[in-house]
Q: 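After the structure tokens below, expect a handful of questions from me.
Here is the naming used below: chain letters follow the sequence lines, and residue numbers restart at 1 for every chain.
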Amino acid sequence: MTTRDALPETILPPQYTPSDVESVLYDRWIERGYFTADAASEKPAYTIVIPPPNVTGSLHMGHAPQHTLMDALTRRKRMQGYEALWLPGMDHAGIATQNVVERELAADGLTRHDLGREAFVERVWQWKSEYGGRILGQMRRLGDGVDWSRERFTMDEGLSRAVRAIFVRMYADGLIYRAERIINWCPRCLTALSDIEVEHSDDEGELVSLRYGDGANEIIVATTRVETMLGDTGIAVHPDDDRYRHLVGTLIELPLTGRMIPVVADEHVDPEFGTGAVKVTPAHDPNDFAIAQRHQLELISVMDESGAITVPGQFEGLDRFAARDAVTVALRDLGRVVAEKRPYVHSVGHCSRCRTVVEPRLSLQWFVQVAPLAKAAGDAVRDGRTRIVPAELSKRYFDWVDNMHDWCISRQLWWGHRIPVWYCPDGHITVPDTDPSECATCGSSELHQDEDVLDTWFSSGLWPFSTLGWPDETPDLAKFYPTDVLLTGYDIIFFWVARMMMFGLYAMPDVPFKTVALTGLVRDARGKKMSKSSGTAIDPLDWMDRYGTDAVRFALARGSNPGSDLPMAEEWVEGARNFTNKLWNATRFAVMSGATVVGDLPAPDEQSTADRWILSRLAQVVAQVDVAYDGDASIDGAEGFEFGDIARTLQGFAWNEVCDWYIELAKLPINRGGREAEVTRRVLGEVFDVLLRLLHPLMPFVTEELWTTVTGNESVVIAPWPTPVYAADADAERAVAALQDLVTEVRKFRSEQQIKPGVKLPAVIVAEPDVALLLAAHTAEIGALARLSDVAISTGIPDGWSEVHVPGARVGLDLSGTIDVVAERARLVKAIAAAQAERDQVSAKLANPSFADKAPPPVVEKTRARLAEAEAEMRRLTALLSALPGQ
RNA sequence: GGGCGUGUAGCUCAGUGGAAGAGCACUCGGUUUACACCCGAGUGGUCGCAGGUUCGAACCCUGCCGCGCCCACCA
């Protein structure tokens, strides 16, 4: 097929170029259907549904880590033999999308009303087909292994049926109702908002104190929204407040209007706050509304839907902010303003879409009664049916579900699922499965459908099962529900996660996911939240262009710790790119050295010490990575999803162990040839086969390219996940550790003495018997790595040679001609001081009587050994110092 | 106002009771033929502060300070 066998080095150039392989490989994966799940499969299912991005959105730094991690999870499970499904799709994003299209119309001087409802909705669909879903193409760039055959959209036909079905059912069960309540209203979007669509910020306003009544009947109240006083229908005080006890039940005149309003006693009032008296505006404040309900106060709306005053008279038609000033002036003229405190910083709600100040407003809307649903959603986490990782964030979830208010689900928009409710002229309500032709109550055929649409989150709350075919009992639903993991940012835990839990438990009725894995938010290098407005947002695609997708993915994974924020800077990506290239070149070395995966792994007694060491380490790394992915119930705090650990473990192993030591050690037998070369080539092949499979979920492209080259197999996407089969080999690990210690110490010495790397020093090793045993067979390796000549195990070091000391062994080096006496003396003096400090510290510790009594024996023993070692080192160094020439 | 988290090397972070760690940055040395997107060596920490528990504390307890996030119907 290729000429690889003839000239292996030509197919892997010395640098990895991501753009050469990424799109080719992705297309190949899709073509071969690797990501298409089969509901009829015998394999166990593993399901993740994507948190559907807004149809208006594009891929940004917030998505990139979550996509990487979801992809890693499903790719690994696929390799582990699961029928893995990662289901993609998008959210219709009601207000956001409607706003985008309305802005487009505005550019032509049009409003949605100019088009009319039907044409406008048509226009939104048209927008969607032209510009929507840019993010889907970007997901291909990221390498997302999603099942494109199952892509869904919250407004598509199936999902709309699900919305209809659950609405009808919940209405029948009394969980959806219509009522006139105080809701959050956006005077610009002209729609109701739910609590979560309101963002609070501390704004400067003015607190104005007003005097109502006169003389003995005087009561002072304060407000930040003076204009609402036009709708005051009462004054509330605490029932135990002696200052006002005599006024409760009396009527007081409201300035400007002349209306007589009652003073009522209500527990809700905090007597410590302000004057302890509250003006009550039931139509424009949720608290006041509640008070009014308890005391049968009148409801008077003073504004229309755009926030203009409707009360006849001098203020009529004024915008609420203009009216605030005008009313204040008018009251001041009447001598009713007793204090003005400005600036007064207080929390003000804003529309999360357009930042307009939200106006609490009395309005007839549809609501979900959440108490029973939220209770079930809380219990599912409390009893462990759904696990939240990290567990600490469960508390936030409980706070949310335990304190949820009824959810306003109707929106005065056109883009969305229209509320499936019909009214007849007599006001009867019909909520049918299919569009009705007559009123269910009176049979009237004069029906009109509710004009409103449902909150976007209503349909996204159904996502885990609506995407699988619900309300039909489809094979997908049977196979893939409940899903395994929901992975999303912790910022979204409340509104979306809780809603999916409520709907899933109600409709299925089973939890929608077994685990909620929460990631942090991406921050820039200085720890600031990335945002478009501050100019700190970085386009992940730009980085992918310059460093490759795998580098971006790996950098994101390496910075991910469960539930904590993820700092990201270009240097991290650069480092990850360097790692992809390191991996590329290491594999290139393996290929050029004839590494192979053909045939059985040679038996341990045929393998070199280095072979046995690296396989032993490889088995540990596999186990470590598995625990980091899956957690381990027997280890406290090991909850899994430790992607940062996984990335760091694999990078450290690949770079610091495989590349820095194993490859260097393997060069010797390979160069010597013969059977030992064959053995090491086979082990080398094994190491890269396994390592590349371990890395594949995080770095899909480079591993695919390399793994297929090394193994000659079809694709690492469908390769099995490694399971450790090699024996742990403590002897080999000890031997290599001793070798590493010794080589590192000699290198350090050479560096300090400024001996040129090219100079090969004659050397002898004097070692304690057990260490000698470990080192004797590896003098050639030591010589090669430390650049020594004629290395031999000996019983003594010739006079005048320098010494390097490691635990259990000494190396004598013949520096004749190369030694710098001054530098050597300085080195020795420094080393003696260090050894002395160590001895003093350790002996002080041992001298403490309670240490010997209470510390566990192994600790004491270890400490004694340290003391002996330090003393021996001091003696040795002192001897060397006095032996220096010119002394 | 309430809650949660966090403070370890210049930077970003691991480390949860027994000799302070990694990556990046920095310094020095390198034609060692897989890789300069590299190799080798090194410098650098009163583990926020103050108490306490313990033979022993970065780790457990208490208080304080700084920073971050979330929730909230403070008129």
Q: Using a 4.0 Å heavy-atom cut-off across all strands, classify A:Ala784 as base, sugar-phosphate, or nothing.
A: nothing
Q: Measuring to OP1 and OP2 of B:rA22, would you say a side-chain N or O of A:Trp572 lies under 4.0 angstrom away?
A: no
Q: When you measure only distances, ignoring hydrogens and angles, does the side chain of A:Gln15 come within 3.5 Å of the base of B:rC37 through a donor and an acceptor?
A: yes
Q: When the nearest nucleotide of RNA chain B is assigned to A:Asp285 and to A:Arg866 on a heavy-atom basis, which residue is associated with the more 5' position?
A: A:Arg866
Q: Looking only at atom P, what distance separates B:rC39 and B:rC35, rounded to whole Å?
A: 11 Å
Q: Need to verify one output field. Residue with the more 5' nearest nucleotide on RNA chain B, A:Thr587 or A:Val743?
A: A:Thr587
Q: Please list all pairs passing the salt bridge (charged side-chain N to carboxylate O under 4.0 Å, His left out) test where one or both residues lie in residues 834-852 of chain A, with sequence neighbours left out.
A: A:Glu838-A:Arg866
Q: Residues in side-chain contact (heavy atoms from CB on, under 4.5 Å) with A:Val198, at least two apart?
A: A:Asn184, A:Leu193, A:His200, A:Val358
Q: Has the side chain of A:Arg396 got a donor or acceptor that lies under 3.5 Å from a partner of the other kind on the base of B:rC70?
A: no
Q: Roughly how far apart, to the nearest Å, are B:rA19 and B:rG51 at atom C1'?
A: 26 Å
Q: For the pair A:Glu861 and A:Arg864, find out whether any cationic side-chain nitrogen is under 4.0 Å from an anionic carboxylate oxygen.
A: no
Q: Which nucleotide sits closest to the side chain of A:Asn585: B:rA75, B:rC35, B:rA14?
A: B:rC35
